[in-house]
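To find a chain, count down the sequence lines: A is the first, B the second, and so on, and within it residues start at 1.
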There are 2 protein chains.
Amino acid sequence: MLKGVTVRSDSAGGRGPDPAAPGRRELNKVRTREAIVGALRELVAEVPAADVTVDQVAERAGVSRRTFFNYFGSIPAVLSAVFADHAAAMIARLDPEVIGDDPVTALRGLTRTHGIPEDLLGWFVALNRHAADTDATVLLERTVWADMAAWLRERLHDTLPEADPLFVATLASAVMSCFQATEEAWLKDLDVDRPQQLSPADVTRFHDHLDRALGLLADGWRSPSA
Amino acid sequence: MLKGVTVRSDSAGGRGPDPAAPGRRELNKVRTREAIVGALRELVAEVPAADVTVDQVAERAGVSRRTFFNYFGSIPAVLSAVFADHAAAMIARLDPEVIGDDPVTALRGLTRTHGIPEDLLGWFVALNRHAADTDATVLLERTVWADMAAWLRERLHDTLPEADPLFVATLASAVMSCFQATEEAWLKDLDVDRPQQLSPADVTRFHDHLDRALGLLADGWRSPSA
DNA sequence: GTGCAATTTTGCACACCGTGCAGGGTTTCG
DNA sequence: CGAAACCCTGCACGGTGTGCAAAATTGCAC
């Protein structure tokens with residue numbers, strides 16, 4: 001089991017005692033988690049996402065099958081966790097005052113000022129690199145988006161405790177469907193020549209699509225045709 | 001997906017068009033389909049929905065495990081099919097002119113004039129009768145709602161070919177989340193004393209909740225608090 | 001250092017899921 | 001009637017997700 005690097009209590013140098021030092025235990029957990037995510041990322045680039053099995057991910061991550069399930073409940077759960085991490089970083093920048101006043105515009109402005117993590121766009125491309133197996137991959141992504149909607153719903157509920165739960169639920173779902181539709185449109189344009197590396201223009205185009213999608217929400221529901 | 005009965009459509013080896021002749025074969029297919037749905041309905045009332053297994057459904061329906069999978073791809077797929085049947089009956093009553101003008105109001109008016117099939121409300125109650133296993137049941141229902149959103153999206157796309165796909169996707173998702181939130185709120189009120197039979201007042205209360213939810217959509221997004 | 005307690009990893013077992021395949025029974029129609 | 005088309009069924013197989021207990025690892029105090 002590759003038990004290299006026998007480390008002794010480092011205490012290297014005379015640096016500060018680091019009271020809140022994570023400890024090897026916590027560090028290992030982070031390391032394993034990242035290994036699993038990284039392994040999935042690699043595999044998804046090689047074979048259709050829906051064909052990736054837990055065993056493959058576990059083996060490439062260098063852990064047992066059982067350990068994978070100690071960290072994530074399923075493969076979609078890994079994706080949801082990655083997406084949620086990015087989303088959490090974005091939400092953290094929200095100004096509570098602004099979002100309370102006009103949530104859609106606030107969320108819209110968020111993506112305009114801070115942009116979308118490029119890593120996330122990379123996942124979108126990877127997940128759709130092998131379009132052979134359309135049906136199952138669509139299903140997989142749908143569950144992830146539904147997960148994200150539930151996640152956003154809770155975040156909004158935390159941020160706007162006064163808001164009508166019905167409003168929060170509907171808003172979260174609508175916002176995530178904007179992301180979903182944006183991803184689809186964006187990938188469609190990207191489909192012609194799928195690059196290994198995303199160009200800055202690709203990133204900009206994603207932002208444009210998303211802005212237009214959220215604009216539909218902000219502008220109301222009475223203009224169905226483009 | 002709603003992968004319906006793939007049991008091969010008839011194609012009648014003979015030349016004659018033979019119009020409205022159901023045929024014994026077709027009748028049997030309908031019968032077993034209803035047997036499967038009925039078996040699930042019964043089981044869901046007895047044990048937590050997430051604990052129902054395919055084997056149980058198949059046995060109670062009087063068919064083999066394998067036959068179940070010939071009709072439905074999974075248990076959530078059964079629910080999605082049932083829901084979609086009801087939804088299709090409602091959508092069929094939509095006036096294309098009205099929906100093209102103001103889709104949300106059109107859908108809202110639909111539920112007000114024609115109501116919600118009581119059978120559907122019965123499913124809501126049955127699916128949540130055993131709240132013990134909250135987590136898994138929520139997950140199960142979430143997949144059904146996501147399925148329905150995809151279904152509604154396709155219906156809207158058929159009804160409004162001119163509409164912006166982004167608008168259609170967002171609208172479908174938002175509408176279904178209204179139903180989802182309505183179901184939650186409705187069941188919560190019902191929770192105190194859960195009756196075996198639904199009273200007319202219960203039905204009315206569902207309509208009120210739904211109308212308020214869809215009203216949030218129609219009124220726009222700038223009023224987060226109740 | 002050493003030993004013990006807490007925690008994590010791992011292998012194993014088990015029930016369940018979803019599908020391909022082939023045999024057998026039933027319906028349809030010439 | 002008889003062949004063809006069709007549907008049901010059992011079987012097998014790979015995959016999923018979880019409980020359980022043994023083994024390995026880490027934290028901590030002596």
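In terms of phosphate contacts, B/T67 brings a side-chain nitrogen or oxygen within less than 4.0 Å of OP1 or OP2 of D/dT9. An OP1 or OP2 oxygen of C/dT9 is reached within less than 4.0 angstrom by a side-chain nitrogen or oxygen of A/Y71.
Taking the six-membered ring for Trp and thresholds of 30 and 60 degrees, B/F179 and B/W145 have ring planes inclined between 30 and 60 degrees apart.
With hydrogens and angles disregarded, no donor-acceptor distance shorter than 3.5 Å links the side chain of A/S173 to the backbone of A/A169.
B/L139 places its CG atom 16 Å from the P atom of D/dT16, with the value rounded to the nearest Å. Spacing between atom CZ of B/R31 and atom C1' of C/dT26 amounts to 13 Å, rounded to whole angstrom units. Computed from coordinates, the A/F72 CZ to C/dT9 P distance equals 12 Å when rounded to whole Å. Distance A/K29 NZ to D/dT26 C1': 12 Å, rounded to the nearest Å. The interatomic distance linking B/F69 (CZ) with C/dC17 (P) rounds to 6 Å, in whole Å. Between the P atom of C/dC17 and the CD atom of B/E59 lies a distance of 13 Å, rounded to the nearest Å. Distance A/E26 CD to D/dC28 P: 11 Å, rounded to the nearest Å. When the C1' atom of D/dT18 is taken as reference, atom CG of B/D51 falls 13 Å away, rounded to whole Å.
One can find a donor-acceptor pair under 3.5 Å joining the base of C/dT26 and the side-chain atoms of B/R25.
For A/E42, the salt bridge (charged side-chain N to carboxylate O under 4.0 Å, His left out) partners two or more places apart in sequence, or in a different chain, are A/R60. Partners of B/A58 according to the side-chain contact (heavy atoms from CB on, under 4.5 Å) rule, which considers only residues two or more places apart in sequence or in another chain, are B/V63, B/F68. Not counting sequence neighbours, B/E183 has no partner by the salt bridge (charged side-chain N to carboxylate O under 4.0 Å, His left out) test. In this structure A/A35 satisfies the side-chain contact (heavy atoms from CB on, under 4.5 Å) test together with A/A61, sequence neighbours excluded. For B/R205, the salt bridge (charged side-chain N to carboxylate O under 4.0 Å, His left out) partners are B/D189, B/D202, not counting sequence neighbours. The side-chain contact (heavy atoms from CB on, under 4.5 Å) test applied to B/R155 returns B/W151, B/D158, not counting sequence neighbours. For A/V203, the side-chain contact (heavy atoms from CB on, under 4.5 Å) partners two or more places apart in sequence, or in a different chain, are A/E118, A/L121, A/H207. Under the rule for a salt bridge (charged side-chain N to carboxylate O under 4.0 Å, His left out), A/E34 has no partner lying at least two apart in sequence or in another chain.
The 5' end of DNA chain D is approached more closely, in terms of each residue's nearest nucleotide, by B/N28 than by the other of A/I75 and B/N28.
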Taking only nitrogen or oxygen atoms into account, show me every contact under 3.5 Å that the protein makes with nucleotides 19-22 of chain D, one pair per line with its distance.
from	atom 1	to	atom 2	distance (Å)
D/dG19	N7	A/R66	NH2	3.0
D/dG19	O6	A/R66	NE	2.8

Do any N or O atoms of the protein come closer than 3.5 Å to N or O atoms of nucleotides 14-16 of chain C, and which pairs are they?
none

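Comparing the start and finish of the helix from C/dG1-D/dC30 to C/dG30-D/dC1, five pairs each, the helix axis swings through 10°, to the nearest 10 degrees.
Remark: A/R142 does not engage A/E184 in a salt bridge, criterion side-chain N to carboxylate O under 4.0 Å.
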Side-chain donor-acceptor contacts of residues 69-84 of chain A below 3.5 Å, not counting sequence neighbours, with atom names and distances?
from	atom 1	to	atom 2	distance (Å)
A/N70	OD1	A/R66	NH1	3.2
A/S74	OG	A/A77	N	3.3
A/S80	OG	A/P76	O	3.1
A/S80	OG	A/D147	OD2	3.0

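In the set C/dT9, D/dT9, D/dT16, D/dT9 carries the atom at the smallest distance from any side-chain atom of B/V63.
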